[in-house]
Amino acid sequence: MVRKTCFCCVPEVFSLLPEVSRFCPFKKQRDFLNSLLLTPVFNPVKQFTQQFYIKHIMVGQRVRTRFAPSPTGYLHVGGLRTALYNFLFAKKMKGDFIIRIEDTDQSRKVADAQLNLIRTLEWAGIVADESPEHGGNFGPYVQSERLHIYREYCDRLLEEKNAYYCFSTSEELEENRQLQMKQGLQPKYNRKWLPEEMGGSMPSGEVRRKMEEGAPYVIRMKVPDYVSVWFEDMIRGPIEFDSSTIDDQVLMKSDGFPTYHFASVIDDHLMKFTHIIRGEEWLPSMPKHLLLYEFFGWEPPKFAHLPLLLNPDRSKLSKRQGDVAVEDYIRKGYSCDAIVNFVAMLGWNEGEGTEQEVYSLEELIEKFSIERVGKAGAVFNVEKLNWLEKQYIKNRPAEQIIRTIRPLLVAELEKQRAEMPFDIITSDRYLEQVIELMRERVGFEHEFVTFSSYFFFEPGTYEEEAVKKRWTPETNGLLREFLSTLEVLEPFSAEAIEGALREFVAPKGLKAAALIHPLRILVSGVSFGPSLYHMLEVVGRDAVLRRIAKGIERISVPV
RNA sequence: GGCCCCAUCGACUAGUGGUUAGGUCAUCACCCUUUCAAGGUGGUAGCACGGGUUCGAAUCCCGUUGGGGUCACCA
């Protein structure tokens, strides 16, 4: 006997159609509903399609989404994306985004993780409307502070015979699991403690006896046999499960804490979330959650299961194959703009022929739609992230860059003696010039200091290969001669320097390159960098003359 | 192994029955150029396979293959 149940059906009310259409967040569906309004059709096929669309819409209800991490350490980039999509969806719909902390595993709890998680999200611009830090009307937002609530609802399940006590020990269960695996069966609880009155084989007296003994126990949900459970995923469409493949999930652990499955269903309901957007790894436990909603007689929220973020080898993104913590990327110097933009594009795109690649958070909110989220997993490709970071650096206002690099420079100046006056090289005017010369040549903001060190410090060494390539026996003589030209050059500007150099070189029948490359090497220490003339102008006459003179002393060429 | 999900260039993707299969990153070549970048132009490169449905399939259906997820008193 198979009972078909759809747990996600909103009662379809034809008269609501105009209303539904007006509130519908999805353009395509709105259009579809409007077309239905214009040409009412009642054939079964159309009705089915219409139900499909209505199921995705909550009429007149304020959208509430959540991100529910467990405080076990850092924020995973996959977590960031899940949080971001929840946030974007909520904000797009003028609703609320909430953070809830799932700390029901006390052994894995890490001290500062909660605050760190929330701070990191805020770094990315994802600010919660309600959270343990911000408060709200549906608190507490930390599951370990809601234990009495879970207990209460668990008692209800026990009473209504949808859950039962289980005294099997971990060893017993493990043994059972091994045996089943060896037989090629799906590991599943053998229902040893399912009481007689619930269709099991354990006499209720035995349960009572164990109880009185004070034996440790867990509480399991009784999954009905032969039930087909299905729902509409907002991203994937209809998905169906057979209850016979579902285990009698533990709801309450022996330490009195609920499991994820139980706590999250209770909280998602009590906190009135309308849409649950989470990772695809939760898809297999969907039937357990749906069954719980049915046990309680609650209408489930809409669900969307996001595709996974992948390693280059297409397995689930993991620590072993690179950085997964958002903090790692922050430490490396990635900006929130690039990270958020990048992560948003892994699995979502605007569609409709757009070729835009760079989006601000505001733009993402404006343009995001859950229906445009793809189904297939996406490889986290650092090269594209790097490119995005460069795009942002190219376009970021200089004053904003100055705010982040000045502290780095000052710290560097404490370690290393500057060649030029502190006040000058840390001034807005000076830094701005450095930024404009270097912004198309750096990959990260901190490289304005490290890659551009010759704007602040005398080069300590000269690139050996470059010296070998660019020096001839005449070079030092030419430099010495040109030095005196630079000494009196007025003004000491890029334009004037270029003019002087070309004038200097032409009568000698030499190419400008004969002097250009050696000059660059003496002044910067390296063979690459911005426009030579502009660089000389910014570094300034004093330092340039000093560096050239010193360089000539230091570089000796075999004649 | 059971269950579930997924499948367009190396990567991210556009594409919803008729396109020379488009864009971005990466890559290659050329141009620009004092170097390195940036920029410009162009190129290489893709519908996993097999059956249907259809006048016509990347697109719809079925199967195969491949990949992934999940099967805890972790989330």
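Naming convention: chains lettered A, B, ... in sequence-line order (proteins, then strands); numbering from 1 in each chain.
- Between Ile239(A) and Lys390(A), the residue anchored nearer the 5' end of RNA chain B, judged by the nucleotide with its closest heavy atom, is Ile239(A).
- Looking at which nucleotide of RNA chain B each of Gln391(A) and Ser315(A) is closest to, the 5′-most match is held by Gln391(A).
- Set against rC6(B), rA11(B), rA37(B), the side chain of Val379(A) has rA11(B) as its closest nucleotide.
- Residue Arg439(A) is out of contact with every strand shown, counting any heavy-atom pair closer than 4.0 Å.
- Nucleic acid contact for Lys188(A): none, since no nucleic acid atom lies under 4.0 Å from a heavy atom of the residue.
- Relative orientation of the Trp282(A) and His289(A) rings is tilted, given thresholds of 30° and 60° on the angle between their planes.
- When the salt bridge (Lys or Arg N to Asp or Glu O under 4.0 Å) test is applied to Lys469(A), no partner is found at least two apart in sequence or on another chain.
- Under 3.5 Å, the side chain of Ser254(A) and the base of rC73(B) form at least one donor-acceptor pair of N or O atoms.
- Ring-plane geometry between Tyr329(A) and Tyr334(A) is classed as tilted, the angle between the planes lying from 30 to 60 degrees on a 0 to 90 degree scale.
- As judged by a 4.0 angstrom heavy-atom cut-off over every strand, Ser527(A) is placed among the base-contacting residues.
- Taking only side-chain atoms of Thr245(A), from C-beta outward, the nucleotide of rG67(B), rC3(B), rA75(B) with the closest atom is rC3(B).
- Side chain of Arg520(A), nearest nucleotide from rU34(B), rU13(B), rA26(B): rU34(B).
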Under 3.5 Å, side-chain donor or acceptor atoms of residues 500-509 of chain A against the rest of the protein: list the pairs with distances, not counting sequence neighbours.
| unit_1 | atom_1 | unit_2 | atom_2 | d |
| --- | --- | --- | --- | --- |
| Arg502(A) | NE | Glu498(A) | OE2 | 3.2 |
| Arg502(A) | NH2 | Glu498(A) | OE2 | 3.1 |
| Lys508(A) | NZ | Glu481(A) | OE2 | 3.0 |

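- Residue contacts shown for Leu532(A) include a base, since a base heavy atom lies under 4.0 Å away.
- Contact of Arg441(A) with rC36(B) (side chain to base): a donor-acceptor pair of N or O atoms is detected under 3.5 Å.
- Side-chain atoms of Lys511(A) and base atoms of rU34(B) include no donor and acceptor less than 3.5 Å apart.
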